Amino acid sequence: MMAMLFAQKIILEVITFDKVPAKLKQQVATILIEECGTPEFVPPEFGGTMEPEKKAV
């Protein structure tokens, strides 16, 4: 249930994936990818397609 709450907050852009507690990251990643179809919010190390942030020069 908490993982779904974090997934919703990520989709609504209230938080980013890095703010998810470590114990819930894999569950949140699974929800975002499989149930919500939004792998772009999940880092590659958790099976997503999130691109790393580009630093300003």
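Computed from a predicted model, the values in this text were never measured in an experiment.
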Between I11 and C36, which heavy-atom pair has the shortest distance, and what is it? CD1-SG, 3.7 Å

Listed by chain and number, what are the side chain to side chain donor-acceptor pair (under 3.5 Å) partners of T16, not counting sequence neighbours? D18

About how many Å separate CD of Q26 and CD1 of I31, when rounded to the nearest 0.5 Å? 10.5 Å

V20/I10 under side-chain contact (heavy atoms from CB on, under 4.5 Å): CA gap, chis, key distance, verdict: CA-CA 9 Å; V20 175; I10 291 170; 3.7 Å; yes

Looking only at non-hydrogen atoms, find the nearest pair between V42 and A29 and report the distance. CG1-CB, 3.6 Å

Hey, quick one: are V28 and V14 part of the same hydrophobic cluster, counting side-chain heavy atoms closer than 4.5 Å, chains of contacts allowed? yes

Partners meeting side chain to side chain contact (heavy atoms under 4.5 Å, CB included) with E45 (sequence neighbours left out): P43

Indicate yes or no: at least one non-hydrogen side-chain atom of K19 is less than 4.5 angstrom from one of K9. no

Roughly how far, to the nearest 0.5 Å, is the CD1 atom of I15 from the CD atom of Q8? 11.0 Å

What pairs with F17 under ring-ring contact (aromatic ring centres under 6.0 Å, His included), at least two apart in sequence or on another chain? F46

Passing option when F41 is tested against T49, I33, L32 for side chain to side chain contact (heavy atoms under 4.5 Å, CB included): L32

